[in-house]
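Taking it in order: structure first as structure tokens, then the write-up.
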Amino acid sequence: MHRVVLLRRGGDAVEARELADDGTTVGVTSVAAGELPAFVAGREAEPVRWVWDDTTRWYPALLDAGVRVERCTDLRLSHAVLRRSPFADPALLAGDDAAGWDALAPVFAADQALFPLEDPADRLDPVAEHARQRAAVDAATHPGRLELLLAAESSGALVAAEMTHAGLPWRTDVHERILTELVGPRPAAGLRPPVLERLVGEIRESFRAPGLNPDSPGELLRALQGAGLQVEDTRSWNLQQLDHPGIPALLEYKKLARLLAAHGWSWLETWVREGRFRSFFVPGGVVTGRWASNGGGALSVPAQIRPAAIADDGWRFVVADVAQLEPRVLAGMSGDAAMAEAARAADLYQGMVDSGAVNTRAEAKIGMLSAMYGGTRGEGGRMMPRLTRRYPRAIGLVEDAARAGERGEVVHTLLGRGSPVPTGAWAERAVALGEAPEERDSRAERERRAWGRFTRNFVVQGTGAEWTLCWLADLRNRLWRLGSGPLAERPHLVFFLHDEVVVHTPEHLSDDVAAEVRHAAATAGRLLFGGFPVDFPLDVAVVGSWADAG
DNA sequence: CCGACCGGCGCC
DNA sequence: AAAGGGCGCCGGTCGG
């Protein structure tokens, strides 16, 4: 087993507190702030788990000093999970500074000092919080699952910091070439590039609206209606349906203006430095347990500019994504043998067709998406009775989650992440008055249904996030073992996007990386679903540019 | 003047 | 009767 060392800031020094298995303190060492990287690196020679208030407050500086750690407990993220988990007793987390832990936010400063002057984290006691969390897990209804979730969440925090540290290789010259080919050379500040300028002229002329700013939805809507078009908003999808000679230029303008605003030259200047796109990944940033990002729109890098993500000379990207993660997770967590059978195929939707459950792949896909999102309209809704007969446990699980949400109840993922308690007026009245359906007004009823769709999706999206956390955690350690030397010289993760990872690796190791990515996926499946036979096949590509994957 | 919000759209 | 989940981020707009 590993040792447990809790780090806390104190003045100019760090207190390193060695903890026994039962949480009692075995010894305390004071480490000068400047000596911390060497201290941590020295202790990493033997298995150790670091306990600290918040990975974003400790790990970036260690990485900058060239120190990688194998495992940690992130008290901030663990607290957030435990306080909402139906598996745990919230009373066991109560303490004077519980509100402080509730409110503790991650830090994103690119060049943060190790010890910022005024940090709310410094008013919290990590020793006491660690003891409370241990007690809460020990007393939980499913301690093993929660333990796994907290370990995976904490490991994700390490991955996130390492990905920010490494950055995604990004070629400014390639990106600029893409921009220039699409819109012409970069204009002076405040002006539109030539292609957009030309399109604005065409749009103003077509709709007889001199001075129109097409970036203003209000102005644009009035101009369209003034031209006699029946339209209620300015969404591209709706504009596409219209028959008017000005529409193609308008759609082209919207597409290019969007790219320029979100991922144009100013994006490059802000987010790409020294050949790397650096943004902050935010583990646990979404209520379901998915990651969010901070800065640069990292989770929505459009396909248009992905050709600029190019591996270094002598290096390659290994890009891997899970085919149909969420329906596979649903099969596993519900123990639905028929759906797991369909999931044995590389293409789960084709598996559903081959087993005779549905007629076409398109039906399978739209039906499953409807089941997981709560769609009831159109073809997806019509598929539901058939899917329910064929996959009663899988469909039953999401239906139950929807009904529970509509009753104002909390639902949870496989490992115990709980959904938020609803706060809308509908939920309070339902509890207080026990209203019958016919007594509810239609707005409250819409909100109730919307919350049911949220809880329906929560259990699947959230358990999917748990699968990917386990995948990332295992992959991270496998990649470390493939190489030698500092993190940046070994194969390492550089990007993560819900069900897809990008590994930057020396070329000669790319096949090994591809194998490890698959092994890690198999490990994640076993961790979550034990022996239940549900497969998680990956699409894996070894490429020079991210754009060449998939 | 600045912050909050909105319409719209990129990703999964 | 109607009924699609989760994000981040842009420019525009509006209210304090």
Side-chain angles (χ1 to χ4, degrees), chain A residues 108 190 192 196 212-221 231-240 250-251 253-264 266-267 270-271 279-306 321-326 330 365-382 384 398 401-402 405-406 411 419-420 437-438 440 442-443 445-465 468 495-501 546 550:
Chain A
F108 302 119
R192 293 190 174 93
L196 288 187
L212 169 68
N213 174 11
D215 294 325
S216 165
E219 275 186 48
L220 181 58
L221 187 58
V231 60
E232 299 306 320
D233 58 49
T234 63
R235 290 177 202 154
S236 291
W237 193 89
N238 289 331
L239 299 185
Q240 268 172 25
L250 179 54
L251 292 173
Y253 176 87
K254 285 170 81 76
K255 188 171 173 59
L256 294 176
R258 157 83 193 178
L259 176 70
L260 213 56
H263 293 95
S266 64
W267 182 90
T270 310
W271 299 110
S279 72
F280 294 91
F281 291 88
V282 188
V286 179
V287 285
T288 59
R290 272 191 177 182
W291 291 15
S293 68
N294 181 281
L299 302 188
S300 53
V301 176
Q304 262 174 314
I305 60 163
R306 292 189 187 186
D321 73 281
V322 198
Q324 304 127 2
L325 173 63
E326 289 180 351
L330 177 56
K365 182 172 180 175
I366 201 167
M368 285 308 295
L369 291 177
S370 280
M372 294 185 297
Y373 289 163
T376 51
R377 271 196 304 195
E379 196 180 348
R382 286 198 296 278
M384 294 310 300
V398 289
E406 291 170 3
V411 299
S419 63
E438 56 275 18
R440 301 167 186 156
S442 62
R443 191 176 69 91
E445 190 58 20
R446 274 199 308 277
E447 289 173 2
R448 177 191 311 282
R449 296 284 178 171
W451 193 260
R453 289 191 296 275
F454 166 65
T455 53
R456 169 196 295 270
N457 188 250
F458 181 96
V459 295
V460 182
Q461 186 183 121
T463 307
T468 53
F495 212 77
F496 168 54
L497 194 57
H498 305 314
D499 64 357
E500 172 179 357
V501 296
W546 187 17

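Throughout, a chain's letter reflects where its sequence line sits, starting with A, and its residues are numbered from 1. Here the structure is a predicted model, which is why all the values come from computation and not from measurement. In what follows, every heavy atom counts, from backbone to side chain, and hydrogens, waters and symmetry copies are set aside.
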If you round to the nearest 0.5 Å, how far is CG of A:D233 from CG of A:L239?
7.5 Å

Salt bridge or not for A:E326 and A:R290, using N-O below 4.0 Å?
yes

May I ask you to decide whether A:E379 forms a salt bridge with A:R382, counting only side-chain N to carboxylate O separations under 4.0 Å?
no

For the pair made of [atom1] in [X] and [atom2] in [N], what is the distance, rounded to whole Å?
X: A:D215; N: B:dC9; atom1: CG; atom2: P; result: 12 Å
X: A:Q240; N: B:dG8; atom1: CD; atom2: P; result: 14 Å
X: A:F495; N: B:dC11; atom1: CZ; atom2: P; result: 12 Å
X: A:L256; N: B:dC9; atom1: CG; atom2: P; result: 13 Å
X: A:L221; N: B:dC6; atom1: CG; atom2: C1'; result: 14 Å
X: A:R258; N: B:dG8; atom1: CZ; atom2: P; result: 13 Å
X: A:W267; N: B:dG10; atom1: CH2; atom2: C1'; result: 13 Å
X: A:W237; N: B:dG10; atom1: CH2; atom2: P; result: 15 Å

Using side-chain heavy atoms (C-beta onward) and a distance below 4.5 Å, is A:V286 in contact with A:Q461?
yes

Would you check if A:N457 and A:V398 make a side-chain contact, meaning some heavy-atom pair closer than 4.5 Å?
no

When the ring planes of A:F495 and A:W546 are compared, do they come out parallel, tilted or perpendicular, using 30° and 60° as the limits?
tilted

For the pair A:F280 and A:F108, name the ring-plane relationship: parallel under 30°, tilted 30 to 60°, perpendicular over 60°.
tilted

NA contact type, [X], heavy-atom cut-off 4.0 Å: base, sugar-phosphate, or nothing?
X: A:A303; answer: sugar-phosphate
X: A:R290; answer: base
X: A:G380; answer: nothing
X: A:R235; answer: sugar-phosphate
X: A:S370; answer: nothing
X: A:V460; answer: nothing
X: A:G296; answer: sugar-phosphate

Evaluate side chain to side chain donor-acceptor pair (under 3.5 Å) for A:Y253 paired with A:R258, printing each intermediate quantity in order.
CA-CA 8 Å; A:Y253 176 87; A:R258 157 83 193 178; over 6 Å; no

Give a yes/no on whether any side-chain N or O of A:T234 is located under 4.0 angstrom from OP1 or OP2 of B:dG8.
yes

Quick one: is B:dC9 close enough that its OP1 or OP2 comes under 4.0 Å of any side-chain N or O from A:K254?
yes

List, with names and distances, any nitrogen or oxygen atoms from the protein found under 3.5 Å away from nitrogen or oxygen atoms belonging to nucleotides 3-5 of chain B.
none

Footprint ends on DNA chain C, 5' to 3', for atoms under 4.0 angstrom from a heavy atom of chain A, come out as C:dA3 to C:dT13

Without swapping roles, check the side chain of A:S419 against the backbone of A:T455 for a donor-acceptor pair under 3.5 Å.
no

Report yes or no: does A:R448 contribute a side-chain atom to a donor-acceptor pair with the main-chain N or O of A:E406 at less than 3.5 Å?
yes

